[in-house]
Amino acid sequence: MIEVRVKDAALRQAAGEGMDAFLQVFINATKEAIGGHLTAENMGELNTHQITLLAYDMMREEVMEGGFVQLIHNGLGSFIFLNPFAKVLKLWGLKDLSKMIYNVRSLFSQHHEEIEQDCSDEEFMALYEKFPEFEEYDDDFVENEETWTEMMARYVDENIEKFATIDE
């Protein structure tokens, strides 16, 4: 296992800036520990908590930028929907987010092959019109992102030892 290390001073500063900044300290430290980004090779070097945190970060970034269609098109659908990500989120208390992921998983199963195809920018944009059923989940995510991120940060704060070692 790779040891993820976080500076206490960075944590204190981030805590003063808000939940997003606090969570980002752990995300950045985890990414740094694995060489920048999560791969199949380095995933085994992290624990379930660390992987779930990175999965949330990837999902949040993709969905906030371009919705679940973009997330699936960019190849993250299998990682988010076919792993125990939603189950872990439920265990962490993010029941509504977990339920949404299970709901989107059924859409992913139905449509992922077409959404994952290489296409032009114009063809990609047409996917949003072709699969409007994702839009309600995109909107729900955007509406609740701040609350869910705060819940993630609270879980990390209450379980710091599962995410990183704090250095003075």
Inset, instruction - Test W148 against Y56 for ring pair (Phe, Tyr, Trp, His ring centres under 6.0 Å), laying out the working first. - result: CA-CA 10 Å; W148 290 332; Y56 178 76; 8.2 Å; no
From [X] atom [atom1] to [Y] atom [atom2], the distance as rounded to the nearest 0.5 Å:
| X | Y | atom1 | atom2 | result |
| --- | --- | --- | --- | --- |
| M100 | E136 | CE | CD | 9.5 Å |
| L127 | E114 | CG | CD | 7.0 Å |
| L46 | L38 | CG | CG | 6.5 Å |
| L82 | S109 | CG | OG | 6.5 Å |
| T52 | D57 | OG1 | CG | 12.5 Å |
| F131 | I115 | CZ | CD1 | 4.5 Å |

Legend entry - Carboxylate-amine/guanidinium contact E150 R154, below 4.0 Å: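 Judged by the 4.0 Å cut-off on N to carboxylate O distance, E150 and R154 do form a salt bridge.
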Inset, instruction - Salt-bridge test for R60 and D20: reply yes if a basic N is under 4.0 Å from a carboxylate O, no otherwise. - result: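 Looking at R60 and D20, the cut-off is met.
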Quick check on [X]: does its [atom1] atom have over 12 non-hydrogen neighbours (other residues, nucleotides or ligands) under 6.0 Å away?
| X | atom1 | value |
| --- | --- | --- |
| Q110 | CD | yes |
| R12 | CZ | no |
| E122 | CD | no |
| D8 | CG | yes |
| E129 | CD | no |
| E135 | CD | no |

Short question: side chain of [X], backbone of [Y] - any donor-acceptor pair under 3.5 Å?
| X | Y | result |
| --- | --- | --- |
| N42 | I34 | yes |
| N103 | S98 | no |
| Q70 | G67 | no |
| N47 | H49 | yes |
| R5 | T165 | no |

Legend entry - CA sep, side-chain torsions, deciding dist, call: F26, V4, side-chain contact (heavy atoms from CB on, under 4.5 Å): CA-CA 8 Å; F26 289 92; V4 176; 5.9 Å; no
Inset, instruction - Treating Ile, Leu, Val, Met, Phe, Trp and Tyr as nodes and any side-chain heavy-atom pair under 4.5 angstrom as an edge, say whether M19 and M64 lie in one connected cluster. - result: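 No, M19 and M64 fall in different hydrophobic clusters.
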Inset, instruction - Please check if L97 and Y102 belong to a single hydrophobic cluster, counting links between Ile, Leu, Val, Met, Phe, Trp and Tyr side chain heavy atoms closer than 4.5 Å. - result: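 No, it is not one cluster - the side chains of L97 and Y102 are not joined through contacts under 4.5 Å.
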Inset, instruction - Run the numbers on Q13 and E17 for side chain to side chain donor-acceptor pair (under 3.5 Å), then give the verdict. - result: CA-CA 7 Å; Q13 179 181 347; E17 295 172 14; 3.1 Å; yes
Inset, instruction - Evaluate the side-chain contact (heavy atoms from CB on, under 4.5 Å) criterion for residues K87 and L89: first the C-alpha distance (whole Å), next the side-chain angles of each, then the deciding distance (0.1 Å), finally the verdict. - result: CA-CA 5 Å; K87 181 179 180 180; L89 290 177; over 6 Å; no
Measure across [X] and [Y] and return the closest heavy-atom pair with its distance rounded to 0.1 Å.
| X | Y | answer |
| --- | --- | --- |
| V6 | A29 | CG2-CB, 3.7 Å |
| F22 | I160 | CZ-CD1, 4.5 Å |
| L53 | W92 | N-CH2, 4.4 Å |
| I101 | A86 | CG2-CB, 3.7 Å |

Inset, instruction - In sequence, state the C-alpha distance, the side-chain angles, and the governing distance for F79 and M43, and then conclude on side-chain contact (heavy atoms from CB on, under 4.5 Å). - result: CA-CA 11 Å; F79 179 60; M43 193 179 300; 3.6 Å; yes
Inset, instruction - Taking atom types as modelled, find out whether T30 and Q50 have a side-chain donor-acceptor pair closer than 3.5 angstrom. - result: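 No donor-acceptor contact under 3.5 Å links the two side chains.
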Legend entry - Among F124, F68, Y128, F108, the one residue meeting ring pair (Phe, Tyr, Trp, His ring centres under 6.0 Å) with H73: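 Testing H73 for a ring pair (Phe, Tyr, Trp, His ring centres under 6.0 Å) against F124, F68, Y128, F108 leaves exactly one candidate, F124.
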Inset, instruction - On the 0 to 90° scale, with breaks at 30° and 60°, tag the F163-Y155 ring pair as parallel, tilted or perpendicular. - result: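 Answer is perpendicular, since the angle exceeds 60°.
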Inset, instruction - Give the C-alpha distance, both sets of side-chain angles, the deciding distance and a yes or no for side chain to side chain donor-acceptor pair (under 3.5 Å) between E123 and S120. - result: CA-CA 5 Å; E123 291 167 327; S120 68; 3.3 Å; yes
Inset, instruction - Verify side-chain contact (heavy atoms from CB on, under 4.5 Å) between L71 and N74, making sure each step is shown before the conclusion. - result: CA-CA 5 Å; L71 178 142; N74 287 341; over 6 Å; no
